[in-house]
Amino acid sequence: MSKLKEQLPALLTQVLVVGAIIYVALQLFHNTQANLEARNIASGFGFLSVEGGLPINDSLLPYTPAASYGRAFAMGILNTLFVSALSIVLATFLGIIVGVARVSGNWLVAHLAAVYVEVLRNVPLLLTLFFCYSTLLAFLPSPRMSLVPFGDIFINNRGVYVPRPLFQDGMGWVILALVAAIAASVVLVRVSRRMRDETGRGLHSGWMSLGLILGLPAAAYFLTGQPLEFDAPVLSGFNFKGGMVLRPEFSALLIGLVLYTAAFIGENVRSGIQSVDAGQLDAAKALGLSPGPIMRKVILPQTLRVCIPATTNDYTSLIKNSSLAVAIGYPDMVSVGGTIIGQNDQAIEIIGMWMAVYLTINLIVSLVMNWFNAKVQLVER
């Protein structure tokens with residue numbers, strides 16, 4: 001009884017807090033419903049099946065303005081996923097290079113990397129995007145004066161035009177061969193690792209996997225009669241026709257996100273490298289390893305345990321930062337959703353969809369990175 005009396009004030013406090021939260025939520029709900037009725041705005045998601053009439057220049061799948069609002073929003077989600085995934089990959093590679101450069105013994109390289117990190121981390125991303133976008137438009141030539149780095153690739157102020165791949169009959173076998181080669185490579189790496197743990201000697205799994213991933217699809221490609229053609233862009237009048245185009249808005253967003261996020265990842269890598277015990281470096285030098293293999297095989301693998309948690313935050317921030325695409329006109333999920341709000345005033349539903357999509361993407365990224373982090377942690381035997 002005395003124990004219940006001691007816990008009673010805490011229980012009453014919790015009940016009051018929960019009751020207050022429910023009361024505020026109900027008030028917000030009723031006020032929202034009243035405001036929607038006063039403005040003759042119908043709530044719900046029925047508008048997603050209505051024809052939208054939204055033009056979207058950058059879409060990964062076939063799309064026309066006659067499509068519904070739901071399909072337009074889906075195109076925005078795909079654009080967000082595409083630019084975010086590509087930015088994560090490129091920012092990771094650039095961040096590793098910057099992080100290694102930060103601890104370089106070369107004075108110039110180390111200080112250039114430090115300047116890059118300090119400048120990019122302390123300038124708002126929005127300004128970086130504006131700078132990249134204005135630079136692309138200002139310095140790239142017109143379509144008739146396009147830069148041609150090689151082949152049928154053309155760069156001008158309307159975008160980067162590249163040949164579009166056209167899959168023919170039999171391409172499915174090539175893709176299947178690639179999937180099979182990747183699966184076989186994973187098994188090969190695991191077998192090699194087990195052999196190395198048991199006998200001290202493993203297979204040359206890296207070269208063997210590379211041979212599988214390149215050789216098996218190549219064999220399937222030639223055996224099925226080379227089922228891949230390309231539609232090259234051709235200058236017609238004042239613009240190009242055919243091929244694929246990466247527009248300046250996409251390129252500016254990609255460059256800005258990569259440069260900005262790589263600065264943070266570079267600092268993660270630098271701190272991870274400096275956390276490795278000096279004895280590890282001395283032992284590697286005593287074995288006669290050169291600086292390159294020491295960095296790749298001794299230092300960088302040990303930095304993962306320090307880098308991954310902070311880098312996970314950077315990945316999720318990059319995905320959320322992609323919403324700034326609306327500032328430079330790239331049709332990501334936020335930009336398309338904002339246009340839908342302007343046409344039919346379904347703000348609450350669209351904002352809820354934004355929140356749900358970003359939450360889902362970031363939770364998936366966090367789960368994958370937490371799984372990877374658990375794999376690289378030291379486990380006591």
Side-chain angles (χ1 to χ4, degrees), residues 1-54 56 67-81 83-84 124-127 129 253 257 309-310 312-370:
M1 192 68 178
S2 60
K3 187 176 181 180
L4 180 59
K5 289 182 178 180
E6 293 176 358
Q7 295 178 346
L8 188 58
L11 290 174
L12 288 175
T13 302
Q14 294 177 37
V15 170
L16 290 174
V17 170
V18 172
I21 292 174
I22 294 175
Y23 174 77
V24 171
L26 288 174
Q27 288 297 317
L28 288 174
F29 176 76
H30 289 306
N31 289 338
T32 301
Q33 289 295 106
N35 290 330
L36 290 176
E37 291 176 2
R39 292 168 174 78
N40 294 322
I41 299 175
S43 60
F45 294 92
F47 70 94
L48 292 176
S49 59
V50 177
E51 180 179 331
L54 301 181
I56 299 179
S68 64
Y69 284 122
R71 184 170 179 81
F73 193 82
M75 294 300 102
I77 294 175
L78 285 178
N79 286 343
T80 295
L81 290 173
V83 73
S84 298
L125 175 58
L126 185 59
L127 295 182
L129 292 178
L253 179 63
L257 289 175
T312 301
N313 294 333
D314 295 329
Y315 286 168
T316 56
S317 295
L318 183 151
I319 294 169
K320 291 179 287 188
N321 288 337
S322 68
S323 62
L324 292 174
V326 66
I328 56 175
Y330 179 70
D332 76 320
M333 177 178 64
V334 174
S335 177
V336 174
T339 305
I340 295 174
I341 292 174
Q343 290 190 358
N344 57 25
D345 296 325
Q346 302 287 340
I348 295 176
E349 291 83 355
I350 293 296
I351 292 173
M353 292 166 65
W354 285 340
M355 295 171 63
V357 172
Y358 279 122
L359 180 62
T360 302
I361 296 173
N362 283 327
L363 285 178
I364 292 173
V365 171
S366 298
L367 286 173
V368 173
M369 294 299 292
N370 287 337

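Computed over heavy atoms, backbone and side chain alike; hydrogens, waters and symmetry mates excluded. Every value quoted in this text rests on a predicted model; they were computed, and no experiment measured them. Here, residue 1 is the first one in the sequence, and each next residue gets the next number.
The line from OH of Y23 to CG of L28 is 10.5 Å long, rounded to the nearest 0.5 Å. If you take CD1 on I364 and CG on L359, they are separated by 9.5 Å, rounding to the nearest 0.5 Å. Note that CD1 of I77 and OG of S84 are 12.0 Å apart. Values are rounded to the nearest 0.5 Å. Between the CE atom of M369 and the CG atom of N362 there is a distance of 12.5 Å, given to the nearest 0.5 Å. Note that CD1 of I21 is 11.5 Å distant from CG of L16, once rounded to the nearest 0.5 Å. The CD1 atom of I361 sits 11.5 Å away from the OG1 atom of T316 when rounded to the nearest 0.5 Å.
Shown here for F47 and Q346, the closest heavy-atom pair between the two residues is CD2-CG, 3.7 Å. Of all heavy-atom pairs between A72 and I56, the closest is O-CD1, 3.8 Å. Closest heavy-atom contact between L253 and I328: N-CD1, 3.7 Å. The shortest heavy-atom contact between M333 and W354 is O-NE1, 3.2 Å. Closest non-hydrogen pair, N344 versus I340, comes out as OD1-O, 2.7 Å.
Residues satisfying the side-chain hydrogen bond (donor to acceptor under 3.5 Å, both in side chains) test with Y69, not counting sequence neighbours, are Q343. Partners of D332 according to the side-chain hydrogen bond (donor to acceptor under 3.5 Å, both in side chains) rule, which considers only residues two or more places apart in sequence or in another chain, do not exist here. Listed by chain and number, the residues in a side-chain hydrogen bond (donor to acceptor under 3.5 Å, both in side chains) with E51 amount to none (sequence neighbours excluded).
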